[in-house]
Amino acid sequence: LVYCQYSQNVFSIINSVQITEKNAEPEKTLLTYLRRNLGLTGTKLGCAEGGCGACTVMVSKYHPHQNQIIHYAVNACLAPLCSLHHCAVTTVEGIGSVASKLHPVQERIAKAHGSQCGFCTPGIVMSMYALLRNNPQPSMHDIQEAFQGNLCRCTGYRPILEGYRTFAKDGGCCGGKGQSNGCCLTNGHTQEHVNVTQKLYDQSEFMPLDPTQEIIFPPELMVCINTVKLRFAGERVLWIQPCSLEELLELKATYPNAKLVVGNTEVGIEMKFKNLLYPVILAPAYIPELNIIQNTQDGIQVGASVTLTVLGDVLRAAVKKLPAHQTEVFKAVLEQLRWFAGQQIRNVAAVGGNIMTASPISDLNPVFMAASCKLTVMSKGTTFFFHVQGSKVVAFHDLIQNTEYFSAFKQSPRKEDDIAIVTCGMNVFFKEQSNIVQSIRISYGGMAPVTVLATATCNRLLNSQWNEELLEEACTSLAEEMSLSPSAPGGMVTYRRTLTISLFYKFFLNVQHKLSLDLRKEVVLHTYTIKSLKNSTWLQNITLFLCLQAVPPGHNSDDVVGQPIMHLSALKQATGEAIYCDDIPCYENELHLALVTSTKAHALIKSIDTSDALAVPGVVAFISAKDIPGSNMTGPVVYDETVFADDKVTCVGHIVGAFVADTQAHAQRAAKAVKISYEELQPVIVTIQDAIANKSFFQPVRSIERGDVAQGFKDSDHILHGEMHIGGQEQFYLETNCTLAVPRGEDGEMELFVSTQSASKTQALVAKALGVPANRVVCRVKRMGGGFGGKESRSTILSTVVAVAAHTVKRPVRCMLDRDEDMLVTGGRHPFFGHYKVGYMNNGRVMALEVRLYSNAGNSLDLSLSILERALFHMDNSYNIPNIRGTGYMCKTNLPSNSAFRGFGGPQGMMIAESWMSDMALSCGLPAEEVRRMNMYKEGDFTPFNQRLDQFTIDRCWEECMQLSDFNKRKDAVEQYNRQHRWTKRGLSIIPTKFGISFTAVFLNQAGALVLVYSDGSVLLTHGGTEMGQGLHTKMVQVASKTLGIPCSKIHITETSTNTVPNTSPTAASASSDLNGMAIYNACQTLLQRLQPYKDQNPKGCWEDWVKAAYFNRVNLSANGFYKTPDLGYDFETNSGRPFNYFSYGVAVSEVEIDCLTGSHKNLHTSIVMDVGKSLNPALDIGQVEGGFMQGLGLFTLEELRYSPDGYLYTRGPGMYKIPAFGDIPIELKVSLLRDAPNEKAIFSSKAVGEPPLFLAASVFYAIKDAITAARAESNLTGPFRLDSPATPERIRNACEDKFTKLCPPADPGTFIPWAVQV
């Protein structure tokens, strides 16, 4: 079968349905096609750069070169539709549904409580499904590897792994119920607690996995595809898929600038984010010569189109087969591949593409370079051999002798799926039977615009003996040769320079160890076990132990409150049937909107030229400030913002206007084609330090004072000063902000479907912008794919724009922001800078404290005042300080306005408290846990804001946590480990938290509910809270079920809307269950009173009988309920009143291990004891505790927002901004809910649980600080030192000062312009 002419159709099979797409658009991705053309909305858009896995689907195809059918997971957001000819695509809808039958993969994640907001769930389900199709009995290691390319922001990952562990051959429950010694319960650390471990779900209910029942590969796709030539001409791009090397070379000669695309994992991103256009794309994926894998006597020859996954499989097979000394290079490549992107990217990305990208931080190029791999480059008529980048065919030229040693290293902020900071490959070759260097190649990525060889250093080391002198020589030489300009792109200059030396030292030790074995010589190794040289830390055994509140004896089985009920939409979320805002089918005449944002931080707009943009096909209109019918002024509390910038912009990302077009692609293309000219203004204030220098603050300045601070300092034995900076954090909800506005065409009515936590605020601000009363605007929220505070007030900046556009064009308008736009315009958690002065006695007792807090508010007030107030309310954390003064300032800067984020200022206030606490313990030379325990509050004490602490349970939490974590034994083990290891250290820390529950703005502590009983007995429940994954609707159904005494199945919640319950407070402050639960209880009580006479008349009847009787007797069966929290209100002037209804408490112990040479750390253990009162639903509450903890772990150890000195955000997606991944959860995690601690101040004695656990992750930060203290002691450095948050590898490495850091002193500030600044 040789077709001469090109085919212009893509023929594929999607979920067993044959699809032929004629003249496919080369720029269209599989994701857009699935969602917009086929209406398969289960596959989600999370980042559009292959970094989050929300869009994962499985592709199956017959591979002619391997002669087998292969199944693999891909990112649909990057896969071009054109590349899927003759492929079968399986999406989450194709494997099962709630309506027909669930697949075990879908069932288990839902029932194991592994789906909260559910937006990442379809992607995780498909990653697992693809793994099981290839390997029905995977190991736990395989499962974790399959999830490297998937992110989740809600669950904290543990329940997902727990649920899927049941598929693993080495996981799952043995069914021994703790009886025998071999039982999985008794093997862990859980003996003494077995009796109280109550399962959150029952594994015996899970459907078994039957691999024979999977959908077969469609036989009509078994055609040999490498004889098919494809050609698609789109609006801007020509896509050609040739089928022979000859033809490819011919095409490349015709189109010399054409790009070769196999996986589209690089070109796709360049076209989307770098605004590059490649008019011709050649797809060489099926050319036989480029898929070659040949073993030669020199090594292995690999074609350029071979994917990284296939390469990995080939090298693994070679390592198994060949003698160890011959496969050193293969092992190094495998080690780099293991941390290379995620599984979905490795499945499609080609080796040739990786080399040709010539990225400065390539993971593989340094290895190829150090190994002297040979590359074959062809063009029409000629062939070259290269030893550098540039390739059609890569040959691993691998002649390895006994005396050759090879290592590769990669250092990145996060272990899995992360771009490198520095990578390297090192290769040394010794003279026969000696330790004299014959040749050496050291190559680095991340130290120059391309991968570089350290030639000078290598030459200096020739003919030297492999000993201490060589090490000294190499370090000095590398420090000189690998220099970087202090303003080098990527920043972290000192760290990167230190890394080049530290990594060489690791190589030195590795080689020394192997030499000693090979030459049978004893070498004194630097006390650094080779174990800690290996980067490998798989979570082979995430042991988990949950100690729940036992259901009290005599508990009525119909009473669902307190039962671990699964999230009500978990099954729908796992099948892709749950509808999010952007999943609503398109209206007939709907348009798409794209924002035009400012590129300057502080400037006047001189002119806006839209002529080119309006010429883009499909563009309907440009919307700007002049189109607003009502008011351009907006803002959640004070109107100090504009819907569209009028004449001045005050941050990069300030919304200037918007384009509406027939498709999202056209609207975005138009937005990029606008030309705006600016007149820049000074000063540009970006950092807190800039704001202090320019006295740029919002008013008022807040302060809280109690006791006599001056006297307190006089009475103290010692006074200590210190400062700390806490970085901001992006909410990174998996579903970005989304609004669909539908004008109703009469009386100015408009209906909005929005992903927001604050429906009433959205309604009010849209009405204000449209100039109509609020009763004309309805805002509806079904569910959100995560919120975390980021959709409390900032979601309105998009909703108002979309509503104005819909009003202007009189057609429905939709906009779901791309991840990079969302991160740019919405702001995040406030960065804080704290300055403290603390007075204390010799025994560690605190006498006096003075704190100044500065928050970076951004360019508008937003909710910054309430956030600052909460930070001041939590500046004591859990410690009783007799004399205290705290003052807070809000810095006005040229950054997008920062806003609410889980914890709302509380974590920042408490973090400063723990910072002076740890400094004080170091100064006194006392154990930190003793100093903390001594200063802790007791029952009946008063806080700095004069609120009495009742029902104070933190001491119980502390004792239980000490016991649960085996603290004292663990501490001895840590000290012993640190004595035995020089270059890895362990640290341990225990941290308490106390979090006040209530909105600090009193009027927000109210809630309404509407309960409708229909004549068939079914109940429709509506309340003011929104569902964003926290399980609020589930808990509210439980409350109504208990109150009305009917099963949950009779009760339904459709959505939250402003036309059922008016004037609702945002779903925030952890108080939504308390407020809405009481409102529902109130409404249900009203209904019960109305039904009582009919119950009395017919006591043997059932619910339906009473409802019918009441209906026929003309009784009102709808009731609205209302609740307001009693006796709240605090006055800053007099420092009196109750700001909080009650407090939630918790304690955590964490143990970590740091690598002092690279700054990486591993989370070894965490134990958490949380007081949640009498839990309404322990499964949801534990989900909140773990999810909050992992978000805090991100805040304190990983997530770093990086801004340029002129206010440009670099970190605009998962590529640069790292949230915790599956591999970041502690290897051992124990969560326990405090028992017998009812809280009479909230519904059914429960307590709020959303925000309080987040701060417990500070235990990881201070465990890291403890480990650094041990490392510094090796260099004779003692006493307090400053460690800012987050504790990134860079900060950890720079704090572990040693002989290597001395070789790389930082440049003096002020002598250069840094690449990034600490805002």
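For reference, positions follow the sequence shown, starting with 1.
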So do the side chains of [X] and [Y] get within less than 4.5 Å of each other, counting heavy atoms only?
{"X": "Glu49", "Y": "Asp820", "result": "no"}
{"X": "Leu78", "Y": "Ile345", "result": "yes"}
{"X": "Ser362", "Y": "Thr357", "result": "no"}
{"X": "Gln465", "Y": "Leu470", "result": "no"}
{"X": "Phe504", "Y": "Tyr444", "result": "yes"}
{"X": "Phe430", "Y": "Val437", "result": "yes"}
{"X": "Leu509", "Y": "Gln512", "result": "yes"}
{"X": "Glu404", "Y": "Glu328", "result": "no"}

Between Met271 and Ile281, does a side chain to side chain contact (heavy atoms under 4.5 Å, CB included) hold up when you go through it step by step? CA-CA 12 Å; Met271 286 180 73; Ile281 285 182; 4.3 Å; yes
Donor-acceptor under 3.5 Å ([X] side chain, [Y] main chain):
{"X": "Arg1272", "Y": "Ala1295", "answer": "yes"}
{"X": "Glu481", "Y": "Ala456", "answer": "yes"}
{"X": "Ser1275", "Y": "Glu1297", "answer": "yes"}
{"X": "Asn463", "Y": "Ile436", "answer": "no"}
{"X": "Thr1211", "Y": "Arg1202", "answer": "yes"}
{"X": "Lys985", "Y": "His981", "answer": "yes"}
{"X": "Arg496", "Y": "Met447", "answer": "no"}

Just verifying a value: how many Å separate [X] [atom1] and [Y] [atom2], rounded to the nearest 0.5 Å?
{"X": "Thr1197", "Y": "His1161", "atom1": "OG1", "atom2": "NE2", "answer": "4.5 Å"}
{"X": "Ser443", "Y": "Asn365", "atom1": "OG", "atom2": "CG", "answer": "8.0 Å"}
{"X": "Asn257", "Y": "Lys252", "atom1": "CG", "atom2": "NZ", "answer": "7.0 Å"}
{"X": "Glu480", "Y": "Cys1304", "atom1": "CD", "atom2": "SG", "answer": "11.0 Å"}
{"X": "Thr1288", "Y": "Leu1283", "atom1": "OG1", "atom2": "CG", "answer": "8.5 Å"}
{"X": "Cys373", "Y": "Ile355", "atom1": "SG", "atom2": "CD1", "answer": "8.0 Å"}

Would you be so kind as to tabulate the donor-acceptor pairs closer than 3.5 Å made by side chains of residues 1310-1319, with sequence neighbours excluded?
from: Thr1311; atom 1: OG1; to: Asp1308; atom 2: O; distance (Å): 2.5
from: Trp1315; atom 1: NE1; to: Tyr1210; atom 2: OH; distance (Å): 3.4
from: Gln1318; atom 1: NE2; to: His725; atom 2: ND1; distance (Å): 3.4
from: Gln1318; atom 1: NE2; to: Asp1284; atom 2: OD2; distance (Å): 3.2

Check ion pair Lys380-Glu250 (N to O, under 4.0 angstrom): yes
Can a salt bridge be assigned to the pair Arg1291 and Glu1200 using a cut-off of 4.0 Å between side-chain N and carboxylate O? yes
Of Leu251, Asn291, Leu290, the one forming a side-chain contact (heavy atoms from CB on, under 4.5 Å) with Pro284 is Leu290
Side chains of Thr498 and Arg1293: any donor to acceptor distance under 3.5 Å? no
Tell me yes or no: between the side chains of Asp1206 and Ser1204, is some donor less than 3.5 Å from an acceptor? yes
Looking at every non-hydrogen atom in both residues, tell me the closest pair between [X] and [Y] and how far apart they are.
{"X": "Ile361", "Y": "Gly446", "value": "CG2-CA, 3.5 Å"}
{"X": "Pro1305", "Y": "Arg497", "value": "O-NH1, 4.1 Å"}
{"X": "Ala448", "Y": "Pro360", "value": "O-CB, 3.3 Å"}
{"X": "Cys1296", "Y": "Ala1271", "value": "SG-CB, 3.8 Å"}
{"X": "Asp1224", "Y": "Ile1219", "value": "OD2-O, 4.5 Å"}
{"X": "Asn978", "Y": "Ala1270", "value": "ND2-CB, 3.6 Å"}

Which residue pairs pass the salt bridge (charged side-chain N to carboxylate O under 4.0 Å, His left out) test when at least one of the two sits in residues 1208-1221, sequence neighbours left out? Asp418-Lys1218
Quick note, salt bridge (charged side-chain N to carboxylate O under 4.0 Å, His left out) partners involving residues 347-367, not counting sequence neighbours, are Asp363-Lys410
Could you give me the CA-CA distance, side-chain angles and deciding distance for Phe507 and Ile442, then say whether side chain to side chain contact (heavy atoms under 4.5 Å, CB included) is met? CA-CA 10 Å; Phe507 177 60; Ile442 303 173; 5.7 Å; no
Let's go through Val302 and Ile292 carefully: what are the C-alpha distance in whole Å and the side-chain angles of both, what is the deciding distance for side chain to side chain contact (heavy atoms under 4.5 Å, CB included) to 0.1 Å, and is it a yes or a no? CA-CA 6 Å; Val302 180; Ile292 189 167; over 6 Å; no
Qualifying residue, where the test is side chain to side chain donor-acceptor pair (under 3.5 Å) with Asn347 and the options are Thr309, Thr265, Asn75, Thr307: Thr309
With Gln148, the side chain to side chain donor-acceptor pair (under 3.5 Å) member among Gln344, Arg338, Arg346: Arg346
Does atom CD of Glu473 have more than 12 heavy-atom neighbours from other groups under 6.0 Å away? yes
Apply side chain to side chain contact (heavy atoms under 4.5 Å, CB included) to Asn264 and Val348, showing your working. CA-CA 8 Å; Asn264 200 37; Val348 297; over 6 Å; no
Can the ring centroids of Trp466 and Tyr405 be said to lie less than 6.0 angstrom from one another? no
